[in-house]
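To start, the structure under review is shown below, and the notes come after it.
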Amino acid sequence: MAESGSGNSPAVEALLKAAAAGSVRERCETCGFAWLDKPVPSEPSAVRLIPADAAVRLRVVPISVEAGRLRLAMADPFDLGAVDEAGAIGRLPIARVGVAIEAFGELMRQAYGVTAARMAESLASEGDLADTGSENNLDAIEADDVHRMAEQPTLVNLVNLLILEAIQKRTSDIHIEPFDGLLKVKYRVDGVLVEQPSPPKHLQPAIVGRIKIMSHMNIAERYVPQDGHISLRFEGRKVDIRVSTVPTIYGESVVMRILDKNNLPLDLRSLGMNDRLVGMMDKLIAKPHGLVLVTGPTGSGKTTTLYAALSKLYDPRKKIITIEDPVEYELTGINQIPVNPKRGLTFAGGLRSILRQDPDVILVGEIRDAETVDIAIRSALTGHLILSTLHTNDALSSVGRLVDMGAESFLVASVLEGLLAQRLGRRICRKCAHKVPMTDDQRVRIAPAEVDRFGGQVTVGAGCEACSGSGFRGRLGFFELARINPALRAGVAEGQSMMELRQLVDPDFMSMRDDGMEKAQRGETTIGEVLRATQDVDEG
């Protein structure tokens, strides 16, 4: 599309003005496209031209074939990539039709009525896929047979639809778990596994085989773990999927980690930080040198927080390099290095090489051994800002962890600037949030002072279509940030105990539990979520 400016025709200027207003409908009318406010019946002959998985992925629904052109209802008729691909699949020129977002879903259901579960049911009775031998003797199936089953169009569509449904539901991980006589599929949504309808057990070799083909794994190897990668485009954006398989007694278990940059909030406030914490983080990452650590267990959002910090820190005048295992998301303008131990590239070795690249800021994906600790500390001492992560329960435990890995207390005290600990909890769905009286169970699970803060009322989600009936949509962080003040720095250098260090933090220090309770009081999350996320933290 041409840019606005001198030389554009009035028609182009009108189109640009409509596009700037963000109204797809106005853009359609400007270009003379047809527009649908309500679903219309689709002709079966037209629907057969575009498979269900392609329609879901491209967000298109065939309506009819008129004058040798396929009329295609589109949620975004300006997605020219989808138009081209749909034309190639249907082998006909495309006539675009705009459709209101609220009507598009109903149009899709009327035309296809398809879900991965329904497609699996239909495949259950197909002879070629059903004839795989005993469910309990899956290892006896030859690799060539698995390859043949995995390449069948109906099976390909099933796996594609399973992945696309997961992306639509904001799933972070897809789990495919084999058991005796049962194959389970689970989506991890907002940090919680949600079981999906189970495909027939006899489809297990074909489903796993198809995923391994897509992720460039060895389909014949079933007895050792494998890792792979899938890249696909969904609704005009790139989605990366990390795939891992491990052998179990009932076949291979598969986990697909969905890395959808569209769902990555690269803003500290959108992660759940309040203005006070954001201000403190801004001061920490603005320092010219030192060590800033983000701590918490696996899956607590540490990397996302560091990515948000780097995005805020990015400046063309600064050289920013990361070394990660693996690189989860590509950040514009930042040099990212993936760890590759098989080829000799470890965190420690990579960090040494990074120092010869004249960096200003370095992100180390994780400090996990004595060598990395030593190099990170020395890098911070020689004028570099180092951001990294540790696996500890709370912020101040990081000090003891660094010392346990061989760092000298006085060196840790010299370089440390801030310690951020975090957990993730589910966010109450805004569309169905409402106040209810606090229950007796909630009262006994929290301290009396915490009970008083709620005034007898708590916010919960009733469950609606937007949150799939769960009452939650999205996640937010519970944080505690310990700034290394002079007293705390002296305590670290002297090797004081954790209990003693806790007495030296700033007066406004707030624990993760307190931060979570404050968010629950504001109606952003529930008491249960705060307790679930922070119960392993010693509040002593």
Side-chain angles (χ1 to χ4, degrees), residues 115-120 158-201 203-204 207-208 210-211 215 225 227-228 230 234 239-260 262-265 272 296-304 328 391 422-429 432 460-461 463-478 516 525-536:
T115 65
R118 290 180 186 174
M119 188 173 286
L158 169 63
V159 174
N160 288 349
L161 197 56
L162 186 147
I163 295 173
L164 295 173
E165 279 188 353
I167 297 172
Q168 285 181 321
K169 293 180 178 180
R170 304 174 296 104
T171 300
S172 61
D173 303 86
I174 304 171
H175 293 247
I176 299 176
E177 303 174 340
F179 297 97
D180 186 14
L182 185 66
L183 181 65
K184 289 190 175 184
V185 175
K186 301 175 183 177
Y187 293 164
R188 188 178 293 279
V189 182
D190 297 333
V192 177
L193 283 175
V194 180
E195 193 164 335
Q196 306 299 308
S198 298
K201 176 71 171 179
L203 294 180
Q204 177 181 327
I207 291 173
V208 174
R210 179 60 197 166
I211 294 170
S215 51
D227 294 309
I230 300 170
F234 177 75
V239 177
D240 291 318
I241 303 174
R242 292 208 316 264
V243 185
S244 170
T245 68
V246 295
T248 73
I249 58 175
Y250 295 114
E252 289 176 283
S253 173
V254 181
V255 175
M256 292 181 276
R257 168 66 60 86
I258 299 173
L259 304 173
D260 185 356
N262 196 58
N263 291 331
L264 183 70
T298 301
S300 59
K302 300 185 297 296
T303 301
T304 302
E328 294 196 7
H391 288 127
Q422 67 179 68
R423 298 288 189 278
L424 289 178
R426 289 182 292 175
R427 191 188 296 267
I428 295 173
C429 176
C432 61
V460 299
C464 64
E465 186 177 351
C467 60
S468 302
S470 69
F472 298 96
R473 184 175 174 85
R475 290 195 283 177
L476 77 166
F478 308 140
T525 188
T526 65
I527 293 174
E529 282 298 297
V530 176
L531 297 178
R532 180 182 65 83
T534 63
Q535 62 187 355
D536 64 328

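The analysis underlying the following values was restricted to heavy atoms, covering all of them including side chains, and did not include hydrogens, waters or symmetry mates. Residue numbers count from 1 along this sequence.
- A distance-only check finds a donor-acceptor pair linking the side chain of Lys302 to the backbone of Gly296 [under 3.5 Å].
- Once rounded to the nearest 0.5 Å, the distance linking CD of Glu177 with CG of Leu193 reads 7.0 Å.
- Contact of the Ser244 side chain with the Asp227 side chain is registered, since non-hydrogen atoms from C-beta on lie closer than 4.5 Å.
- For the atom pair Arg210 CZ and Leu203 CG, the distance stands at 14.5 Å (nearest 0.5 Å).
- Across all non-hydrogen atoms, the minimal contact from Pro225 to Pro247 is N-CD, 3.9 Å.
- Pairing each heavy atom of Val530 with each of Phe478, the nearest pair is CA-CE1, 3.8 Å.
- The nearest pair of heavy atoms linking Gly471 to Cys432 is CA-SG, 4.2 Å.
- Closest of all the heavy-atom pairs between Leu183 and Pro199 is O-CD, 3.5 Å.
- Between the side chain of Ser470 and the backbone N or O of Phe472, at least one donor-acceptor pair lies under 3.5 Å.
- Atom NE2 of His175 and atom CZ of Arg188 lie 4.5 Å apart (nearest 0.5 Å).
- When each of Val192, Leu162, Ile258 is paired with Tyr187, the side chain to side chain contact (heavy atoms under 4.5 Å, CB included) condition holds for Leu162 and for no other.
- Rounded to the nearest 0.5 angstrom, Ser300 OG and Arg475 CZ are separated by 9.5 Å.
- Taking CD of Gln196 as the reference point, atom NZ of Lys186 lies at 11.0 Å (rounded to 0.5 Å).
- Side chain of Glu529 to backbone of Arg427: no donor-acceptor contact under 3.5 angstrom is found.
- Between atom CG of residue Leu158 and atom CD1 of residue Ile163 there is a gap of 10.0 Å, rounded to the nearest 0.5 Å.
- Between Gly516 and Thr525, the shortest heavy-atom contact is O-CG2, 4.1 Å.
- By the 4.5 Å heavy-atom criterion applied to side chains, Ile176 and Met256 are counted as neighbours.
- Using a 4.5 Å heavy-atom threshold, the side chains of Pro178 and Lys201 count as touching.
- Identified under the salt bridge (Lys or Arg N to Asp or Glu O under 4.0 Å) test for residues 248-258, with sequence neighbours left out: Asp173-Arg257, Lys212-Glu252.
- Shortest non-hydrogen contact noted between Leu424 and Gly301 is CD1-N, 3.8 Å.
- A salt bridge links Asp190 with Arg170: the closest approach of a Lys/Arg side-chain nitrogen to an acidic carboxylate oxygen falls below 4.0 angstrom.
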